Amino acid sequence: MRSREIAQQFVRARLRAEALRDFPNTIPGTLDDAYATQDCAIDLWPDPLVGWKVGWIAPPWSDHLKEERLVGPIFERGVRHAPPREIVEFPIFQGGFAAIEAEFVFRLTADVQPGKTTWTVDEAAQLACALHVGIELAGSPLAPINDLGPLAVVCDFGNNAGLLLGPEVVDWRGRRLESLTCEALIEDRAVGHGGALSVPGGPLAALAFALQRCAMRGRPLAGGDLVSTGAATGIHAIRSGQLACVRFDGLAELRCRAIPAAARCRNAS
């Protein structure tokens, strides 16, 4: 019951584009309970599920929870295609949390085998048909959500508000990870450098985790699903009106501007 109450309040705030002052109810004490809350929220959300974001859980939380990553859903209306150098607008929750993250994003070639709950990096690689560059639009109606820890983050869609999907990385299987580098800028000021090597274990390790964690929840991934593998340059806070840019060296330059989110449904219950 508590999971559904928490989920209802987060979903309501998102649909109304309203900030939350505090975490609704009590933060779950385990990852399983937090994912139960996320599952309730996914079922309440009016858009189809088209993928997952993967985030990192740092110590001491990872020591306590016995996991180093988390997942959150990406929905159809949250995916925006980002033509190189064009400015794409994306909505943020006024009074909430908003950030951009440089990402490497896999697209799956086929449905996952039902019941398979363990995945190696090599098995994950076989299931990926493409690797894209992109920008995760991190966001929540709750401003201090990251400060509250990963259990709170899991409850609210993994602190995800969308994905800017850039072009494919040609011949990604034959490229060395150290060649996939990028730089993030906000208002033309560099805020982070990194690349595929900045994702612990590499992007394929993040994909393998998503396949495993989602299968354990009874949500196996499907062909065409997108998996955003983790912040390659860090998490960079952004305010309404600001312009962000991520330069993927030798690949693409993606640009986006934060705008205030508009309510999708004022009467959301």
Side-chain angles (χ1 to χ4, degrees), residues 31-32 35 38 49-59 61-63 65-74 101-136 138 150 153-154 158-160 163 165-182 192-235 246 248-252:
L31 276 171
D32 285 345
Y35 280 118
Q38 187 186 107
L49 183 66
V50 296
W52 299 87
K53 62 81 55 87
V54 180
W56 183 248
I57 301 177
W61 277 106
S62 57
D63 298 329
L65 298 173
K66 309 303 181 187
E67 285 195 11
E68 295 181 334
R69 288 181 166 94
L70 58 82
V71 294
I74 298 172
E101 302 175 16
E103 299 274 340
F104 293 93
V105 185
F106 286 109
R107 187 187 298 276
L108 301 193
T109 185
D111 292 356
V112 171
Q113 176 184 338
K116 181 175 173 57
T117 57
T118 58
W119 287 84
T120 67
V121 167
D122 288 342
E123 289 172 333
Q126 292 174 19
L127 197 61
C129 64
L131 177 68
H132 294 254
V133 295
I135 300 176
E136 180 186 351
V153 169
V154 167
N159 198 11
N160 178 265
L163 174 70
L165 188 66
E168 289 188 32
V169 179
V170 178
D171 191 28
W172 64 271
R173 294 182 188 275
R175 297 191 62 148
R176 296 175 65 87
L177 289 182
E178 53 264 36
S179 73
L180 299 174
T181 56
C182 51
H193 297 79
L197 281 178
S198 303
V199 179
L204 281 170
L207 174 59
F209 173 81
L211 290 165
Q212 183 164 309
R213 185 27 118 163
C214 290
M216 290 168 60
R217 298 165 59 191
R219 291 186 178 272
L221 276 69
D225 278 358
L226 300 168
V227 177
S228 183
T229 58
T233 67
I235 302 170
V246 177
F248 292 90
D249 297 322
L251 297 172

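Keep in mind the model is a prediction, meaning the values are calculated, not measured.
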Consider side-chain contact (heavy atoms from CB on, under 4.5 Å). Of Asn159, Ile57, Leu31, Leu65, which one does Leu70 pass it with? Ile57
Can you name the closest pair of heavy atoms from Cys129 and Thr109 and give their distance? CB-CB, 3.5 Å
Side chain to side chain contact (heavy atoms under 4.5 Å, CB included) between Cys182 and Val133, worked out: CA-CA 10 Å; Cys182 51; Val133 295; over 6 Å; no
Rounded to the nearest 0.5 Å, the CD atom of Glu68 sits from the OG atom of Ser62 at a distance of 5.5 Å
So Lys116 and Pro220, do their side chains get closer than 4.5 Å, heavy atoms only? no
Least distance between heavy atoms, Ala125 atom then Trp172 atom: O-CH2, 4.3 Å
Heavy atoms only: give me the nearest Ala206-Val199 pair and the separation to one decimal. CB-CG1, 4.4 Å
Compare every heavy atom of Phe248 with every heavy atom of Ala102, then report the nearest pair and how far apart it is. CB-CZ, 4.2 Å
Are Met216 and Tyr35 packed together at the side-chain level, in the sense that at least one heavy-atom pair is separated by less than 4.5 angstrom? no
Which heavy atom of Leu49 sits nearest a heavy atom of Ile74, and at what distance? CD1-O, 3.6 Å
Here the gap from Phe104 atom CZ to Ser198 atom OG, rounded to the nearest 0.5 Å, amounts to 8.5 Å
Please find out if less than 6.0 Å separates the ring center of Phe209 from that of Trp52. no
For Thr233 against Gly194, the heavy-atom pair lying closest together: CG2-N, 3.7 Å
Rounded to the nearest 0.5 Å, what separates atom CG in Leu221 from atom CG in Leu207? 8.0 Å
So, applying side-chain hydrogen bond (donor to acceptor under 3.5 Å, both in side chains) with Ser228, which one of His132, Glu136, Glu103, Lys53 is it? Glu103
Report yes if some heavy atom in the side chain of Pro203 is under 4.5 Å from a heavy atom in the side chain of Leu177; otherwise report no. yes
Rounding to 0.5 Å, atoms CG (Leu204) and CG (Leu131) come to a distance of 8.0 Å
State the CG-CD distance between Leu108 and Gln126, to the nearest 0.5 angstrom. 13.0 Å
May I ask you to say whether Arg173 pairs ionically with Asp122, meaning some side-chain N is under 4.0 Å from a carboxylate O? no
In Å, rounded to the nearest 0.5 Å, how long is the span from CG of Leu211 to CD of Gln113? 11.5 Å
